[in-house]
Chemist: 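Right, I'll just put the structure down here and ask away after.
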Amino acid sequence: MYFILGIAGRGRGVVACLLYNQIMTTRERYAQLCKEINFHNYRYHVLDAPVISDAEFDRLMAELRQIEAEHPDWVTPDSPSQRAGAAPAEKFEKVRHPRPILSLANAFGAEDARAWFERIRKLDERVERAAFVVEPKIDGLSVVLHYRDGVFFQGATRGDGEIGEDISANLRTVRAIPLKIPVEKADDGPLTAGRAAQLSLFGESQPSSAVGGLPSYLVVRGEAFIPLKDFDLLNRRLAEAGEKTYLNPRNTAAGSLRQLDPAVTASRPLTLLVYQVVYAEGGQVPATQWELLAWLKRLGFPVTDVARRFERLDEALDYIQSWESRRDELPYEADGFVIKLDDLALAEDLGYVGKDPRGAIAYKFPAREVTTRLLAIEVEVGRTGVLTPRAVLEPVEIGGVIVRNATLHNFDFIAEKDIRIGDRVLVKRAGEVIPYVIGPVTEVRSGTEQAYRPPEACPACGQPVEHFEGEVAWYCVNAACPAQLVRNVEHFVSKGAMDINGLGIKIVEQLIAAGLVGDVADLYTLRREDLLALEGFAEKKADNLLAAIAESKRRPLARLLTALGIRGVGEVVARDLAQAFGSLEALAAASAEQLQMVEGIGPNIAAAIVDWFGRERNRAVLAKLKAAGVWPVSSQQSSVNSQQPLSGLTFVITGTLPTFSREGVKEFIEAHGGKVTDSVSRKTDYLVLGEAPGSKLQKAQALGIRIIGEEELRRLCGG
Ligand code: IVH
């Protein structure tokens, strides 16, 4: 059956439906879809190793929704469709935890940790020979998840440790939380190109469905959080759209989970890691923390891969200290590590002091919040004209890095917090998130601090600034503002856009200052003698730049769309638009309604696109681009990505290929539906190997990733 469906599934959904109708009932297909979607959620959100493309996943969801629309009585709370977010609630109900949800005592350094060990050693001689498990202490929100017969039915906040709030509807939207355990292998779904190539991955990391003695009632605890990268991305998008940014990942995660409207929670990039079984009935739970983590992982829960087991406390402390300087490498904010006795019965017997169990301790890292003086507030002008305030600080070290600037979010934030120039301010830096000002330390004000007033004119061009209804940002709306132009051109030539090699910010500024570039289209009419007249340009440099500019004319439509910098149109939306409309003419003529028919485009982006194409200045730029021969047409129009031979597959290139240039091979792969990334990871499907490869080859070999040459790549595409 798998084989028949497999062939049918390769790009011919209709045939697949006909076949499954012949060999299975709709009810069976429904059960299969639930299982398969749960499995793909697990691959994507827990293992971080998807085996199908987003488009294929969307198709499975659409099929599931279709069946549910016809058979609403079949829908159970663990259906994958229930993650979208239920109706808003009036208030949260209270939940009594089956056992107290404990906290942790702190240790600030190795001495404190050793003192903890001495204390418990005196209480129980078994501690002498005890082993330890060390886990990162994630700075998120503690959540408690309840499963009956393997089905998620309730989730709560920690509350006061005895009683929490029922946030089940919100937690259901967090895709890393399995709605049904154990997460089973979906081994009888359609065989897509992506899956076929990935089946070999199943072996090791596949959760076993043969976990014996699953408790009929299981309550687990974990930490919900927003990964630092996702938080940064979320804030950049918000800032770009003129909306209010969030202050920090922890509060955003907590606020997102305590939303009365689950649809809002669903839109936030929340995830979690679990680390404790709070309660279990009717089944077996491992007796050590180390085995427990492995067991939870096998059930399909997300579990940290940074945890380690040690026979001696000193080894555990060495491990923790090795992370202290590398904490930025963790994808979330960790305020330390937790040291736990591995023997759970021993830990239990030791009891607790207040709310802190004796069997574990939090080894806290030094705080990454410091105070320093706010010397000035500078205002930056972004590509879309958004004005953003930036703090100029008395330089200060935070976690080994000297911080001189920090974000102040927006002008409302400065007013709400009453931040004054000259104030001592609390600043935080965590991971790769841009350092941010938390607020002023008002207790130490001298009276000489000065209140801040947002600028009434753009600091770059002097034109009055404007504010739009419903937005928090202030804008410079002068289309000829030089600061915006620099950012615009910088974006146009950047890697994900027209990718013009050798055109860095310095040269962009030079070209604009010399009056050679008044808009992005002017890049294509630059002459050799223009460049030679600029400082630092010799013949070779000028020729190289002109060649790179000429070469960029071949970029596909999606790249040009990204490059134009239309509000809300990033790489993903640009690709969808290119596919749906095929040409700039068609896109320019599209109405907001037509634009909204494209998956993922809502009224705001649609309005921004219509507005962009309606502006005289932009139309003039497009006309100039067309005249210069920068007018790509999508070859992929209306072909669904997943039907292409490389859809769902990720490639990394290393070394020089026989006939392809670096850019050429990337475009070839993308044109056949594949994706190209810079570095090898577990998500990589193929390494394309050329002459004189770099270290990517060793990494791919270590990870067991398939290695192919140019010829094999062409064969994969049927060439
Ligand atoms: S164990 C008895 N493990 O830290 C179990 N807690 O300051 C006590 N936390 O409220 C908790 N990561 O929200 C434990 N790996 C981890 C943790 C962790 C984060 C949080 C948890 C707890 C707080 C204590």
Side-chain angles (χ1 to χ4, degrees), residues 97-108 112-113 116 120 130 132-145 155-165 167 171 174 176 219-228 249-251 253-254 257-258 270-280 285-297 301-310 316 319-320 323 327 330-365 367 430:
H97 300 305
R99 292 192 58 201
I101 301 300
L102 299 174
S103 185
L104 286 172
N106 290 329
F108 298 97
D112 275 4
W116 159 73
I120 59 172
F132 306 88
V133 172
V134 168
E135 299 165 18
K137 183 174 177 307
I138 301 163
D139 199 8
L141 189 80
S142 221
V143 293
V144 183
L145 312 171
T157 60
R158 175 171 184 270
D160 63 3
E162 302 285 334
I163 293 172
E165 285 178 322
I167 52 164
L171 287 170
V174 178
V219 183
V220 300
R221 174 183 181 184
E223 199 78 358
F225 60 95
I226 295 181
L228 290 168
R250 207 210 88 88
N251 290 0
L257 279 172
R258 296 200 64 260
L270 285 158
T271 186
L272 102 160
L273 289 170
V274 302
Y275 51 76
Q276 192 193 358
V277 168
V278 173
Y279 184 74
V285 174
T288 66
Q289 177 68 10
W290 188 241
E291 287 161 353
L292 185 89
L293 291 177
W295 181 75
L296 288 167
K297 188 171 177 180
F301 286 104
V303 174
T304 172
D305 52 10
V306 171
R308 294 285 181 276
R309 180 179 181 279
F310 297 100
Y319 181 66
I320 294 174
W323 272 106
R327 60 197 275 202
L330 292 168
Y332 35 74
E333 207 172 326
D335 54 353
F337 270 67
V338 187
I339 311 174
K340 300 178 178 180
L341 286 178
D342 191 26
D343 181 342
L344 293 172
L346 171 57
E348 178 80 28
D349 290 348
L350 283 169
Y352 44 93
V353 189
K355 288 194 165 132
D356 305 333
R358 286 200 179 89
I361 194 139
Y363 182 108
K364 297 289 285 271
F365 286 154

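First listed ligand is number 1; within each ligand, the first listed atom is number 1.
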Chemist: Judged by atom type as modelled, is there a donor-acceptor pair below 3.5 Å linking the side chain of His97 to the main-chain atoms of Arg158?
Modeler: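 Looks like yes, one N/O pair under 3.5 Å.
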Chemist: Can you tell me which residue among Arg309, Gln276, Glu135 is in a side-chain hydrogen bond (donor to acceptor under 3.5 Å, both in side chains) with Gln289?
Modeler: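 Exactly one pass, corresponding to Glu135.
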Chemist: What class does the angle between the rings of Phe310 and Tyr319 fall in, given that below 30° is parallel, 30 to 60° is tilted and above 60° is perpendicular?
Modeler: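 Judged by the thresholds at 30° and 60°, the geometry between Phe310 and Tyr319 is tilted.
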Chemist: Looking at side-chain heavy atoms only, is the closest gap between Pro136 and Tyr275 below 4.5 Å?
Modeler: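 When only atoms from C-beta onward are counted, Tyr275 and Pro136 do not touch, as no gap falls below 4.5 Å.
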Chemist: Are side-chain heavy atoms of Val278 and Ile101 found at a separation under 4.5 Å?
Modeler: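 Counting from C-beta outward, Val278 and Ile101 do come under 4.5 Å.
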Chemist: Show the short N or O contacts, below 3.5 Å, that ligand 1 makes with protein N or O atoms; if there are none, say 'none'.
Modeler:
| unit_1 | atom_1 | unit_2 | atom_2 | d |
| --- | --- | --- | --- | --- |
| ligand 1 | 3 (N) | Lys340 | NZ | 2.9 |
| ligand 1 | 4 (O) | Lys137 | NZ | 3.3 |
| ligand 1 | 6 (N) | Tyr275 | OH | 3.4 |
| ligand 1 | 7 (O) | Lys137 | NZ | 3.2 |
| ligand 1 | 10 (O) | Arg221 | NH2 | 2.9 |
| ligand 1 | 12 (N) | Ile138 | N | 3.2 |
| ligand 1 | 13 (O) | Ser142 | OG | 3.2 |
| ligand 1 | 13 (O) | Glu223 | OE1 | 2.7 |
| ligand 1 | 13 (O) | Glu223 | OE2 | 3.3 |
| ligand 1 | 15 (N) | Glu135 | OE1 | 2.8 |
| ligand 1 | 15 (N) | Pro136 | O | 3.2 |

Chemist: Quick one: list whatever passes side chain to side chain donor-acceptor pair (under 3.5 Å) with Tyr352, sequence neighbours left out.
Modeler: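 Tyr352: no side chain to side chain donor-acceptor pair (under 3.5 Å) contacts found.
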